[in-house]
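Data block below; observations after.
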Amino acid sequence: MRKSVLIFILLTTGAAAAQERSDTLAGASVSSTFGSILVPQRIDSGELKTTAGLSEAIRRFSGVQLRDYGGVGGLKTINVRSLGSEHTGIFIDGIQVDNAQNMQVDLGRFGLDGIRSVSLFSGQKVSVLQSAKEYSSANALYLDSGEPVFVGGNDNFRLGLRFGSFGTFSPSMSWEHKFRTGESLRLTAELVSSGGSYRFRVSDFRRFEDGTVEGYDTTMIRRNCDLGSIRVEGLLFSRPESSSQWNLHLYFYDSERGLPGPVFKRVDVYPLSEDRQSDRNASLQARWSRRLSDRWSLMWRTKVSRDFLEYSDFPELRPELDPARFRYTNVNGYVSAAALVRFSDRLRLNMAQDFQYNRLDANLASFAYPERLSSWSAVSGMMSFGGLDASLTLLYQKIHDSSRNGASDRDAVMPSLVMKYNLRDNLTVSGFAKRSYRMPTFNDIYYTTAGAKSLKPEDAVQFDLGVGWTPCNSSGPHFAFKADVYHNRLRNKIIAVPTSNQFRWSMYNLGEVRVLGADFISSFEKTVGRDRLGASGRYTFQQSRDFTSPGSVTYRGQIPYIPIHSGSFNLFNEYRGWRADLTVFAMSERWNTSANLPPYRMSPWVTLDAAASKTFDVGGNDLSVRLTLNNILNRQYEIVDNYPMPGLNALVRVEYSF
Amino acid sequence: MKKIALLAFSIAAAAIAVSCTKDETTSRDADLAGVNVAVGEEKGTFSKLFVLNEGNFLKNNSTLDFLRFSDGNYVSDAFGSMNPTVPQGLGDTGNDLALRDGKLWLLMNGSSTVHILDAEDETLIASVAIPDPRYVAFDDTYAYVSSYAGAVFGGEAAKGKVFRINRKTYKTEGSVETGCQPEGVAVAGNKLYVANSGGYNTVHDDFVSVVDLDSFAVTESRTVASNLHFLTSSSNGDVWISSYGESTWTQDAEGGWIQSMSEPMGLYRLSGGVSSRVDGVHVSCMTLCGDVIYAVGNDEELTGGYALSLYKVSTISGKVSKTAFSGTDAASVGNPYGILVNPENEDIYIADASYTGPGSVKCFDKNLKLKWSAVAGMIPGHMVLY
């Protein structure tokens with residue numbers, strides 16, 4: 001089903017730090033992730049600079065599976081604690097990036113220019129002036145735009161160039177300006193052009209009973225994975241008075257790429273896939289917040305976006321025929337109001353009401369033209385007593401879908417409880433319980449060839465208990481440790497099932513998955529003379545079992561693509577402006593179906609990446625150069641079955657700031 | 001999108017039991033271990049039951065299994081074990097399996113290849129490039145392979161073809177254009193009958209193309225029913241065709257919309273050039289054994305229910321007898337994708353595909369009592385006895 005795509009459609013060394021609290025809007029600008037009771041895994045801008053991009057950075061979070069279809073243009077999505085990428089919301093400055101069509105957001109669309117931090121909440125984010133929608137996803141990834149900082153001037157310029165393997169060439173620039181009236185502006189633009197092709201190996205060896213080993217090992221070239229894209233963003237920040245601030249964010253992304261599809265056997269006379277995809281995404285989002293009094297604060301958010309996708313299915317076997325072109329346009333409008341009432345230092349109440357409108361148009365015959373009106377209402381109480389912080393949230397979501405074929409309503413109540421207790425200054429115990437629902441996507445309901453049913457929302461229940469320890473003082477070496485155990489249960493999972501009429505599939509609430517997991521994160525940093533040394537490690541255990549069909553061979557099997565063991569290890573050294581990083585990622589065996597039988601097994605893999613960077617002073621301006629080497633061991637591995645990942649590849653980044 | 005439609009179409013086929021007996025010789029594949037599933041299975045003149053698992057579309061996981069009657073062992077992925085050096089194995093989406101003169105013909109839809117194997121030990125003899133092969137039929141000189149010929153769902157309407165492969169040289173010797181997305185094929189007399197589905201078009205095809213085998217040209221078209229699928233010819237020269245049926249969209253009580261069948265997956269008889277419907281038969285999969293067509297289908301498909309039944313249709317009298325699966329061991333069958341009947345003891349083999357993982361092959365006696373069941377590969381759908 002290569003064309004399923006079509007229907008659409010760090011390292012937190014900050015583990016267990018003290019509670020970040022920012023009730024007041026004065027002073028430092030309010031980030032959308034600070035002030036949460038549960039401290040997220042976070043990568044700050046310093047460390048972001050050492051990663052090759054957002055998807056690379058996200059691999060450093062524990063409990064996360066990055067689904068990567070390989071190559072520069074390959075789809076990259078995030079799945080947290082085995083709940084599926086549809087259960088992970090991606091938020092830019094507190095406003096969700098939506099895809100009503102299939103709820104899969106390609107991380108490749110986002111740049112890291114001006115991003116102050118990337119945070120992952122595995123569970124409930126509870127912070128002040130939070131929108132109602134922020135309570136709704138089972139897990140959330142936050143990208144936070146930092147406000148520009150000006151040192152002795154009103155303009156910052158940055159010119160950047162990335163180039164390297166796969167014929168990748170990517171110039172970028174940014175301009176930050178401070179107006180006399182106090183507003184500041186950031187404009188960024190990035191072009192990416194990549195040929196994309198790379199060599200990969202396909203091999204399989206069998207051991208026979210008589211001890212002989214026979215098999216094949218052949219090298220092939222991944223073709224039709226070129227990418228051309230342009231991204232332009234404009235951000236405007238303003239703080240008209242100490243008690244209020246607002247910002248605007250305009251985003252535009254246009255890309256055209258080849259879809260190489262999965263690798264399968266095909267006679268040489270025919271190419272594997274000539275299919276193409278074009279995307280055009282535009283959005284404008286705004287935030288405004290104001291402290292009315294010591295007791296009351298308000299925040300208002302809004303967003304409009306339009307996402308266009310064209311998928312072209314080329315008849316590879318008959319190039320003289322016209323391709324089939326499928327076009328989808330997703331229009332989205334969103335508005336949210338949040339109020340914080342601060343009764344005392346110990347008791348605060350956050351209330352929020354959000355509305356959203358989505359519409360999907362397509363050029364398909366007998367398309368349903370679905371529209372969705374959604375409403376989220378949330379009340380969240382936050383309490384602090386001695387060393388105990390707790391919050392109780394109630395969220396009510398209602399959606400009304402209508403289409404050419406009729407209308408339907410669905411609703412859900414999603415409660416959550418978050419607690420944290422500081423046993424000692426450097427030792428905290430935290431936990432949460434959360435129920436969240438994923439509403440069926442337009443694809444689930446209005447998939448023209450797959451039939452449709454009245455679906456219930458997918459039901460995710462999460463329990464988590466964690467402990468954090470930071471046993472050192474500020475002057476000496478830094479050490480942090482955090483461990484979490486969790487249990488997730490996914491019910492009424494929406495899956496496609498063939499109907500009595502076997503060649504038509506229908507969507508049903510059938511699946512059930514139970515997850516037992518544990519995440520461990522620790523980090524260590526120490527300064528020795530002029531050297532700063534650091535090490536960090538992450539390990540994730542995830543037993544994610546399929547309880548869908550009792551009696552079948554898949555019953556109690558590990559669900560597809562989730563490794564039982566995975567982890568990473570990072571070492572760095574900073575010395576006189578130089579920084580060197582070595583990172584190892586490892587994953588145990590996985591299966592591509594819940595039937596954990598040998599034919600469906602995917603091999604474990606280990607990759608080694610290295611990066612070196614140095615910032616030079618050129619006439620008072622900064623010139624930074626970074627070399628990244630990925631997959632140094634040149635291992636052939638796959639994250640998604642039949643989508644081979646590239647071997648050794650190198651990327652150079654040069655940046656000049658003035 | 002074509003893949004979805006293809007997935008849709010690549011579901012089941014009647015593997016036609018070619019009665020063919022072989023003397024007993026030991027082949028290299030006798031060493032292949034398997035899972036013993038059929039304890040006490042009596043060995044008749046057949047030595048193996050071959051099962052072609054279609055695999056998931058574009059997953060390159062089609063496999064060939066067999067049950068060895070001599071020891072009741074079910075051997076998975078025999079092709080991979082006997083041909084370990086063939087890159088990427090069998091390939092993608094096996095859509096048909098047929099046996100002729102000791103050779104197995106495997107039609108790999110996604111890989112656009114027809115593999116010819118020695119049925120004795122599953123070793124690869126030849127591979128022939130054919131775009132989107134669907135079903136195969138034989139005469140003394142040629143294999144005739146229906147082909148979608150590169151059409152894509154939602155793209156330009158393009159006629160399908162039947163390719164002619166020389167059975168001695170394994171070379172393609174010409175092709176003939178048929179209707180759109182041709183499916184089942186069978187030879188009767190000096191004619192090749194081709195069922196056209198037109199499944200990629202908004203309006204489906206509704207006719208059988210008749211190819212004269214001397215001139216290798218389409219000489220007639222016979223209107224039968226919309227969206228045709230399986231096709232077989234009986235000993236009296238009649239041609240039997242099933243359809244994929246037709247569906248419409250309706251609203252359910254809650255206002256959601258649901259796809260339902262407006263035309264059944266029916267069975268049609270073409271006799272003397274005249275088409276008639278065989279009433280009361282629903283065909284998810286079918287096979288011919290002697291003078292009886294065995295079909296499994298959903299008796300309640302038009303009313304939205306799900307009640308699988310076995311239909312036996314006499315190709316002489318046209319008489320239909322029906323046995324409901326419910327209340328028999330066959331009630332365990334979820335998604336019948338393929339059926340085959342053993343002419344010696346009337347055992348019924350049903351390939352039961354699963355949507356969550358590997359499928360299974362189940363053997364029932366003629367009273368639908370379960371004899372054995374084996375875990376197969378992904379989407380088992382095509383079987384032959386050797």
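No experiment lies behind these values; they were computed from the predicted model shown. So you know, we letter chains A, B, ... as the sequences are listed, proteins then strands, and number each from 1.
We find the CG-CG distance between D31(B) and D210(A) to be 8.0 Å, quoted to the nearest 0.5 Å. We find the CG-CZ distance between N83(B) and R206(A) to be 9.5 Å, quoted to the nearest 0.5 Å. With values rounded to the nearest 0.5 angstrom, L58(B) atom CG is found 11.5 Å from D641(A) atom CG.
Between chain A and the residues G297(B), P264(B), G80(B), S360(B), the most heavy-atom pairs under 4.5 angstrom are made by G80(B). Interface summary for chain A: among V86(B), T202(B), N61(B), L90(B), the most heavy-atom pairs under 4.5 angstrom belong to V86(B). Ranked by heavy-atom pairs under 4.5 Å with chain A, the first of A158(B), S76(B), G91(B), P131(B) is P131(B). Most heavy-atom pairs under 4.5 Å with chain B: of the set V263(A), L321(A), V269(A), L597(A), this distinction falls to L321(A).
The heavy-atom pair separating A324(A) from G155(B) by the smallest distance is CB-N, 3.4 Å. Among all heavy-atom pairs drawn from F153(B) and F326(A), the shortest one is O-CZ, 3.5 Å. Summarising the geometry of F264(A) relative to D92(B), their closest heavy-atom pair is CD1-CB, 3.7 Å, with the distance given to 0.1 Å.
In R327(A), the CZ atom is crowded: over 12 heavy atoms of neighbouring residues, nucleotides or ligands sit closer than 6.0 Å. Crowding of R201(A) atom CZ: a count of heavy atoms from other residues, nucleotides or ligands under 6.0 Å not exceeding 12. Within 6.0 Å of CZ on R318(A) lie more than 12 heavy atoms contributed by other residues, nucleotides or ligands. Annotation for K398(A): atom NZ counts as buried by contact number, over 12 foreign heavy atoms lying within 6.0 Å.
At a 4.5 Å heavy-atom cutoff, the contact between Y600(A) and chain B is made by side-chain atoms alone. Neither the backbone nor the side chain of S62(B) has a heavy atom closer than 4.5 Å to any heavy atom of chain A. Contact of A33(B) with chain A is made through the side chain alone, with heavy-atom distances under 4.5 Å.
You'll find the side chain of L317(A) reaches within 4.5 Å of the side chain of S112(B), heavy atoms only. At least one side-chain heavy atom of K59(B) sits less than 4.5 Å from a side-chain heavy atom of N642(A).
Proximity of a side-chain donor or acceptor of T593(A) to a complementary backbone N or O of G357(B) within less than 3.5 Å is not detected. Side-chain atoms of K265(A) come within 3.5 Å of backbone atoms of G89(B) as a donor-acceptor pair (strictly under, hydrogens ignored).
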